[in-house]
Each structure stands twice: as C-alpha cells, then as structure tokens.
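This report refers to the structure that appears directly beneath it.
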Amino acid sequence: MLKEFFDQFPYILLGLEGLYLIGIIFLAGKIIMDTRNTSKTLAYLMLIIFLPVLGIIIYFVFGVNYRKNKFYTFKIERNEQVYKAVSTYIRETHHKTLESHQQQMDQFLTTVNFLYNAGHSPLSQGNYAEILVNGEGKFEKVFEVLEKAVHHIHLEYYIYDNDSIGNRLADLLIKKAGQGVKVRFLYDDMGSGKIGKKLLQRLKDASIEVSPVNKITFRLLANRVNYRDHRKIIIVDGAEVFTGGINVSDKYINPNPKQYWRDVHLYMKGEAAFYFQFLFFSNWIFATEKIPEISQLYFTKSLEEGSSLIQTAASGPDTQPSIMLSTTSAILSAKKRIYIVTPYFIPVETVFNAIKQAALSGVDVRLMVPKSGDSIVVNAAAYSYYEELLENKVRVFFYKKGFIHAKTMLIDDIFSSVGTANMDVRSQELNFEVNALVFDQKINGKLQDLFREDMNDCEEIHLDSWKKRPKYKVFFEHLARLLSPLI
C-alpha cells in the first residue's frame, strides 16, 4: 500500500529522503562535536551511516553525552557544595601526609598530585588496610563491622540482589536502624534490577533512606545506561570503609563450585574513609536532590589505625577521567613489575600504550583475565588486544578455575590499586567508579601472593600458538573490537 502511495506521489518520497539526509548530516555534526573519543566518534558515525534508522536509535539510547546535560550540571554544582564544606581538612590532610612521606612517595608523586588537583582527593596516612578474598572473606567482615555501628551506615552498590546474602544484609541494616543508627542506601537501578520492590519496601518501612542513583522508567530504553553507578562502597561511622569488586549477591560467596567467582575487596579504617564519605554525599545529593545536614560525626579526623598511605581515584560523568589518567601515570612510574587483574580488558588507547611501553622498558608486566567472559562480544573484543600485548613482551594469563572478577593492579613494591573499575572503556570513561590506591608493602605483598597463587589456575598464552587461531575467529575478534567503544 505504501509502495502504491509513493509511486503515485514520488516527490513525497524524495522529500522524506532529503529530510533524512539532512538529519544524518546534522546528527553527524553533533556526534563529532559531542564525542571526545576518536574511536567512539568513528563507531557512532559508522552506525548512523550503515544502519539507517536503527543506528540513530542506538546512538540516542547509548551515545548521547549527558556530561553536558543539565542533569549532570546539577551534580557538578552539588559536588562543589559538598567539597566546600570539607575543603580545608582535605588540603591540610594532603599536605601534611606528603611532608611526612616525601621520600617514600617520590616514585608516584606525579600520580598523587594529579589526583589531588583533578579530583580534590587527598593522600591520607595512618590507615589500616586489609585484603578480603572473595565474598566469603568480604561479607563476614562486613557483618562484623556493621554490628558495631553506632552513628551511621552508608551503602552504595551497583548490584544488590534479593537473595540469601542480600536479605541477611538487609536484616542487619533494619536491626541497626532500629537501634538508632542512620542508614542510607544508594543503588544502581540498572544493575540492581533483581532487588525487588518488597525488599526495598522492607528497608523503607524500617526508616532506612533508600534511593536509586539514576531512576530508570523504561528499562529497555534506558538512555542513561552508559552512566551506571558501578561503585561498591560501605562506610561505617565515618571511619571504616569497604570497596572493591564484590557486589551484594549469592554468587560471590560461591554456593556452586562449578560457577566459581574469584574476586577481591578492600577493608580500610582511618582517614581514608573521609574521601569515600565525600563521594557518597555527592551522589546522595545528586540522587535525592536533597541536601542533608552534614555534621562532623560523618567525617573522621586524625584516626591513627595503621601505617598505610591511601588515596582515592574516582571517576564519573561529573568528573575528570581520574581513574584512566591516574592508571596511566602509575603504570609509567613502574620500574620492576606490574600485575594487572581485570575481568574485561578493552583498554582506552592511553592505558594500552602505557602498558606496552612499560613492558618494552624491561618491566615485568603480567595481565590476568578470564579465559571465558560472560559476554561473547566483549570476550572477542578483549581477545583482539592480546596478540599486540604478546608482541610487546606482556605476559598474558587466562584464568580457568572460574570467572575472575577482581579489579586489582600492583606496581613494584608499595603501590596497589583495589576498586570497582574494570580496564575497559565503560569503566574508565562512562561509569561512576572508585579505586583505592594503597601505598603499603604488606598490601602489595599480599596481592603479589594472590596473583602468583592464581597463576596455578591459569593457562599462559604464547605468541606463536596465539597466532595460529582460525582466521574466522580473528576476524570476529577484530569486528568486535570495532564495536568496543559502544559495549
């Protein structure tokens, strides 16, 4: 019927085609102006040109740069309001710590100063830090610390499931709220799709303040899917904090040995909690559009608990790409070794080049990734990078025991990074993420031991055999890599 109509009125069809062409030209201009990453710009241009209509839909769902949107302008303004309340203490803490540990921090001084200047993140001293292995190690420590809470508990999670571990944690939060402890809970509406209305209502009925960071009305057309709150944070009484790769879900405590999840979390006590509190309040005000009364009881001062120096790298659509740039800076500071563990290796160009440069400079660079990821396309895209790494003397290990989900990096003898950010485009450019950088020989040594222990469950790949992969697989991997800025 449409064909007959356009046959009868051909000028209407020509007019529509002309309007579509004009629209594509204007949209191409918008993509070029709004998208800073060159590879991502080219990927979106290919989509709108070679996938008519569908490519446009994909761009508006996944590609619109909300950093320039008034939605995030509001958050940037609120961040500065929170910062003003704590800026004096942040400055004093940072400069005091640097003066006391100038020689110890000399190797990583560029990284430390960048994080302070780009994101107001201070280097703090006198912290106690502890590596927690898998959900089994994390949650028992979490429950132990939460039981002792007296003033407040703040939680911020990408995934919170309505399962055994999720309900056990909810029961404890309800109990503490009943004892007069102030409990606030932020969750990502995309990642926590299984949390369930009943569990949320139970928390609210117990006077626990609950809010999604970005409310999603239509999940299939979630236009903020690119800006997920991928953080996993618990803060207790402004003094104790947890962060790392482990979400609130039964799969992280490995109830099924055939679906083994290998992960790492970090527990900290001391002034390091100060900046995590700043991050939480910034996101809380953004999510709820309400400014709570922020007293000194939320921020710990001069709490000497250990010997670890800790700084925080945080990124999001409202900040500088601090994780990406600090990771690059730290890698380029390496002299002896770099051990990286990540579930998704689709690096941005600056990080990728820094890794290759370090390896060619004689640094022992090792990368541990899952042999099989949880996405065929993502896994294929990651595979496309390994040949170039091997050619540049990077050692690559495939973890075979299960799915390795840890996000850790250790450099030489004192630098360790444990956090929420994967080594991929989404984590380093789009999501709300946070990594704790710990300058401590004991923590570094613990992560070295874990890495070498995990090597027993790995298969090291070598350049000669890797090059012999079937050509159709190599083609699919490089095709997936073209789409990597979009996945």
Side-chain angles (χ1 to χ4, degrees), residues 90 93-94 96-98 100-101 104-105 107-108 111-112 115-116 121-146 148-149 154 156 231-246 263-280 299-314 323 326-327 330 337 339-341 406-421 433-451 453:
I90 284 178
T93 298
H94 182 75
K96 179 182 177 182
T97 304
L98 272 185
S100 303
H101 300 85
Q104 180 184 351
M105 297 307 302
Q107 181 181 353
F108 298 101
T111 305
V112 169
L115 287 173
Y116 175 71
S121 177
L123 180 68
S124 63
Q125 61 186 329
N127 300 287
Y128 170 79
E130 180 181 343
I131 296 292
L132 306 174
V133 181
N134 293 349
E136 300 93 317
K138 169 192 170 173
F139 287 110
E140 290 309 311
K141 184 70 174 182
V142 166
F143 295 139
E144 173 191 329
V145 172
L146 292 186
K148 300 175 183 176
H154 289 162
E156 185 173 347
R231 295 172 182 169
K232 299 96 179 163
I233 299 173
I234 298 176
I235 307 161
V236 180
D237 292 341
E240 298 173 89
V241 61
F242 295 84
T243 196
I246 303 172
D263 216 328
V264 170
H265 224 69
L266 183 69
Y267 165 70
M268 296 162 280
K269 187 173 184 180
E271 290 188 337
F274 193 99
Y275 194 75
F276 281 89
Q277 195 78 283
F278 164 71
L279 292 175
F280 179 86
F299 292 94
T300 297
K301 293 186 178 181
S302 303
L303 183 65
E304 296 287 336
E305 292 290 340
S307 58
S308 294
L309 305 181
I310 298 178
Q311 192 173 27
T312 305
I323 290 178
S326 62
T327 298
R337 74 180 66 86
Y339 292 174
I340 298 169
V341 182
K407 305 101 167 42
T408 63
M409 180 173 70
L410 66 89
I411 297 176
D412 293 352
D413 297 318
I414 70 163
F415 178 100
S416 303
S417 172
V418 180
T420 70
E433 304 279 5
V434 62
N435 288 351
L437 310 186
V438 185
F439 301 90
D440 185 299
Q441 286 188 349
K442 290 182 180 179
I443 295 298
N444 183 282
K446 175 65 175 176
L447 287 178
Q448 283 191 52
D449 291 343
L450 284 173
F451 191 98
E453 180 182 326

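Considering only heavy atoms from C-beta on, Ile234 stays 4.5 Å or farther from Glu240 through its side chain. In this structure the side chain of Glu140 never reaches within 4.5 angstrom of the side chain of Glu144, judged on heavy atoms. Contact of the Ile235 side chain with the Glu156 side chain is not registered, since no non-hydrogen atoms from C-beta on lie closer than 4.5 Å. Residues Ile414 and Asn444 fail the side-chain proximity criterion, which asks for heavy atoms closer than 4.5 Å. Contact check for Ile233 versus Phe280: no side-chain heavy atoms found under the 4.5 Å cut-off. Taking 4.5 Å as the limit, some side-chain heavy atom of Phe451 sits within range of a side-chain heavy atom of Val341. Using a 4.5 Å heavy-atom cutoff, the side chains of Val434 and Arg231 are in contact. Side-chain atoms of Ile90 and Phe274, non-hydrogen and from C-beta on, do get closer than 4.5 Å to each other.
The CG atom of Asp440 sits 5.0 Å away from atom OG of Ser307, with the distance rounded to the nearest 0.5 Å. Taking OG1 of Thr312 as the reference point, atom CE of Met268 lies at 6.5 Å (rounded to 0.5 Å). From Gln125, atom CD reaches atom NE2 of His94 across 12.0 Å, with rounding to the nearest 0.5 Å. Residue Leu437 holds its CG atom at 10.5 Å from CG of Leu266, rounded to the nearest 0.5 Å. The distance from atom CD of Glu271 to atom CG of Leu309, rounded to the nearest 0.5 Å, is 11.0 Å. In this structure, NZ on Lys269 lies 14.0 Å from OG on Ser308, to the nearest 0.5 angstrom.
Looking at every heavy atom in both residues, Gln311 comes nearest to Thr111 through OE1-O, 4.5 Å. In terms of heavy-atom proximity, Tyr116 sits nearest to Pro122 at CD1-CA, 4.3 Å. Smallest separation of non-hydrogen atoms from Asp413 and Gln448: OD1-NE2, 4.1 Å. Contact record, Ala129 with Ile443: O-CD1, 3.5 Å, taken as the closest heavy-atom pair. Across all their heavy atoms, Asn435 and Ala421 have their closest contact at OD1-N, 3.3 Å. Across all their heavy atoms, Asn127 and Gly270 have their closest contact at OD1-C, 3.2 Å.
Salt-bridge check for Glu433 with Lys407: failed, with every basic side-chain N at 4.0 Å or more from each acidic carboxylate O.
Using a 30° and 60° split on the angle between ring planes, Phe108 and Phe439 fall in the tilted class, from 30° to 60°. Relative ring orientation between Phe242 and Tyr267 is described as tilted, the plane-to-plane angle lying within the 30° to 60° band.
In summary, of the residues considered (Asp449, Leu450, Thr408, Val438), a side chain to side chain contact (heavy atoms under 4.5 Å, CB included) with Ile131 occurs for Leu450 alone.
More than 12 heavy atoms of other residues, nucleotides or ligands shown are found within 6.0 angstrom of CD on Gln104. The local environment of NZ in Lys446 is sparse, with at most 12 non-hydrogen atoms from other residues, nucleotides or ligands closer than 6.0 Å.
Between the Ser417 side chain and the Met409 main chain, no donor and acceptor come within less than 3.5 Å of each other. Under a 3.5 Å cut-off, the side chain of His265 and the backbone N or O of Ile246 do form a donor-acceptor pair. Side chain of Arg337 to backbone of Asp412: a donor-acceptor contact under 3.5 angstrom is found.
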When you look at Gln107 and Phe415, which way does the side-chain contact (heavy atoms from CB on, under 4.5 Å) test go after all the steps?
CA-CA 10 Å; Gln107 181 181 353; Phe415 178 100; over 6 Å; no

